[in-house]
Amino acid sequence: MSRKPSMILPVLPLRNLVLFPGVVMPVDVGRARSLQLIEEITKGRAQGARLAVGTQRDPDVDEPSAEEIHPVGVVAEIVKVVRVAEMRLTVVLRGLERVRFEGFNEGEKFPRVTCLPVEESLGSGVEVQGLAMAVRDAAKQLISLAPDIPDEAARIVDQAQDPARLGDVAASYLDITVDEKLELLGESDVGKRLQRVLQHLRHRSEVYKVKEKIDSQVRAEFTRHQREAVLRQKLKALQEDLGEGEEGDDLGEFEEKIVKAQMTPEVEKQARKQLERLRQMPAQSAEYTVTRTYLEWLVELPWSKLTEDHLDLGAARRILDEDHYDLEKVKKRILEYLAVRKLKPDKKGPILCLAGPPGVGKTSLGKSIARALGRQFVRISLGGVRDEAEVRGHRRTYIGALPGRIIQGMRKAGVRNPVFILDELDKLGHDWTGDPAAALLEALDPEQNNQFSDHYVEVPFDLSQVMFIGTANQIEPIPPALKDRLEILEIPGYTRNEKLKIARDHLVPKQLKEHGLDDKGMSLTDAALYEVIDRYTREAGVRNMERELASLCRAVAVVVAEGGTPKWNVDVGDLAGPLGPVKFWPEMAERTEVPGVTTGLAWTESGGDILFIEATTMPGKSQFILTGHLGDVMQESAQAALTYVRARSERFGIEPSFFEKSDIHVHVPSGAIPKDGPSAGVAIATALVSLLSGRRVRSDVAMTGEITLRGNVLPIGGVKEKTLAAHRAGIKRVFLPAQNAKDLVDVPKEILDAMTITLVKRVEEVIDAVLEPASAATPPRRPTEPASQPPATA
Ligand code: ADP
């Protein structure tokens, strides 16, 4: 192999660059010596001028000496020279041959060097061929992976047929350090050089693969975000197009409301979830409205808001007394309840239930308790509620679903610890849709009501701080399971005198104030108040009286407003104008004018009432007719009374054959009042004897009691209410079963003083005492004889 001749060429030092044989590369030239060199050698011919190109070891040296240039470089030719500025050229060089620099000489203008061509050893051809193929593949793979390698590199790699040149081209494109490149340039063994290049290529490919993987992860994350952002943008644009633009904005308020509502984490999570759903829904969909309404409920319920209790018993007593006359027993129990709460705030007390006729102050007591405790007050009515969902809410899947009444009450209260009145517990229904009482029990149960679940709200609500108070007119119909949880405080109704005091101290001042008459010196005489009590109302409570007083005040206020001067001191005679004619007359005298009519006493849900029992007879065939909407028990009781009377007809002076030839009709008027129960037995028997013996019943007596077939009198309920009603109606003497003696302790002394109470064991005791002696005007009935016919016998 002949050695190639050496050449002496001017040398261009490069900073940070390595030129390989077979590679074309643009180089920036700015140093004075280098510029001079290029100018000099390109004088006369722009292309083909040759020069030596080497890499300086230290890039910061401006005019490197011989030792400072790497000993292996290339002989290159100039492909093109482009002037980019006064003192700056871009020179495109093509590497021709690998050379070793020797014999440096500092020329006058630029250094020159002796270049000895490097003999490249090819080794075994097969191995090098194989390596070359591997390098080509690896290079192409790297080019496809590395975005910063121009695609034309692939073509150049393809064109480099000579394995030696292939190695150099690949090395030139490799993203490796200058030192690594110089090492490759200095390697004269082609096989070894290819091997090194292959290592570098593979390593770089690996690096790019890892980078690609990381990139794609980052990209995926980024795309997801970006896609969402784009979709949201589109959605907003669509909503704006549809004229729903503002909807999106006002959802922002919910954010604030959610924070303000101080929800439990569970509730907050639910609220945020719903808000997120809302944001993604078109505002016109039905689902949007449903979700929005639900979210409004969530943010408006008092999850954390509490009022602080005033537990000053003295003040509480004052407030209760201020608002209500008497009711000593009830007030005392309420104060006890408050005292226990004060000592043991977390003690789960019983639920108080105020029971009594309408208008006795059950609801207003509840309000007073709230006022005394400094709590909010809410009231819901359970009258007619038969569906569990009314208490516990409908599931949201139902159209128009709403929370149940308990949760509705809580929203109205606005705090988590109100006084909560459950009105009309005795009117709670029950049907196949579920038991509302059971749902109510759950709300009342201190063991589980801190997690009360309403079907609509779904997330649990804490009711444990609520003070529930029930009310009912009657105790009997309250569902038993519920009754077990209640401590019942009875308020039976007021006497005339109590009503007078209530009117004087509470109702009149209240009405005067409400009608703006409190500073005008208006007043009512006692007689006027009694007139209202007796003739304009007939009730156990004072609700209608309050209404009448309101009418009166309204009438006076109208006169004042029209500039007139009303009569400031209202007496009996002044009532008819504003209140109209009297509404109730004492009926007893009139009613009991004829034989066959007695006054019984009934226990109704509005307290007690008097009841007339009318019996009459006509020719017939022993029929016994009962009318007046009587319940089964009352009808049976009437049958028993008849049997008793028939069995004793002789004792009462009734002709025994009478019953075979006549029909008897018993009627109990006031069809609107449902009448049932056995307590009219005594009154019916008395009416029958009166009718058949022709002896009138005294007009000022009333009676109550169940009878047996043998005439024994059995005890009844509602003694207090019944005696109050009798007193209200002006009765002077009341007959009660002897076994009810114990109940008389509940009857106000005022009533006991005003009436005679006679306790009896047998019906005859009543009959003998109340029937007037037979008179000529009212003969005993004979069979088939009309009542108006003159008597045949005395
Ligand atoms: P209820 O709930 O028992 O049907 P309310 O509480 O509605 O009765 O009472 C009706 C009216 O009578 C209210 O204005 C109430 O203040 C008044 N009232 C009832 N009892 C008394 C009382 N003992 N003292 C003063 N006012 C009373």
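We number each residue from 1, following the sequence as shown. A quick note: this is a predicted structure, and the numbers were derived from the prediction, not measured. Indexing begins at 1, ligand by ligand and atom by atom, following the structure's order.
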Correct closest heavy-atom pair for Y456 and P403 would be CD2-CG, 3.4 Å
State the atoms of ligand 1, each with its element, that fall below the 4.0 Å cut-off from a heavy-atom position in K362. 1 (P), 2 (O), 3 (O), 4 (O), 6 (O), 8 (O)
The closest protein heavy-atom partner of atom 4 (O) of ligand 1 is R543 NH2, 2.3 Å
Using the ring of each side chain (for Trp, its six-membered ring), is F420 parallel, tilted or perpendicular to F468, with breaks at 30° and 60°? tilted
At what distance is the nearest protein heavy atom to atom 2 (O) of ligand 1, and which residue and atom is it? T363 OG1, 2.6 Å
Verify the distance criterion only: is there a donor paired with an acceptor across the side chains of T495 and H727 at less than 3.5 Å? no
Is there a donor-acceptor contact under 3.5 Å linking the side chains of Q474 and D426? no
R411 atom CZ: more than 12 heavy-atom contacts under 6.0 Å: yes
Mark the output for V360 as yes if a heavy-atom distance to ligand 1 is under 4.0 Å, and as no if none is. yes
I502 touching ligand 1 at heavy-atom level, < 4.0 angstrom: yes
Protein heavy atom at shortest distance from atom 12 (O) of ligand 1: V542 CG2, 3.2 Å
Within the structure, is a non-hydrogen atom of G359 found at a distance of less than 4.0 Å from ligand 1? yes
Could you tell me if any non-hydrogen atom of I491 lies under 4.0 Å from any atom of ligand 1? no
Which option, G361, S364, A540, owns the non-hydrogen atom nearest atom 8 (O) of ligand 1? G361
Polar side chain donor-acceptor pair, D632 to Q635, under 3.5 angstrom: no
Taking atom types as modelled, find out whether T307 and N417 have a side-chain donor-acceptor pair closer than 3.5 angstrom. yes
When you measure from atom 24 (N) of ligand 1 to every protein heavy atom, which one gives the shortest distance, and what is it? Y325 N, 2.9 Å
Heavy-atom contacts with P358 under 4.0 Å: which atoms of ligand 1 show up? List them by number with element. 4 (O)
The side chain to side chain contact (heavy atoms under 4.5 Å, CB included) partner of H667 among L630, T627, L626 is T627
Considering only heavy atoms of K510, which atoms of ligand 1 have at least one such atom less than 4.0 Å away? 13 (C), 14 (O), 16 (O)
Could you see which bit of D323 sits under 4.0 Å from ligand 1, with heavy atoms only: side chain, backbone, both or neither? backbone
Nearest to atom 13 (C) of ligand 1, what protein heavy atom do you find, and at what distance? E546 OE1, 3.4 Å
Does a side chain donor of either S464 or N449 reach within less than 3.5 Å of an acceptor in the other side chain? no
Do T537 and K499 get their side chains close enough for a donor-acceptor pair, meaning under 3.5 Å? no
Any atom of ligand 1 sitting under 4.0 Å from a heavy atom of E498? no
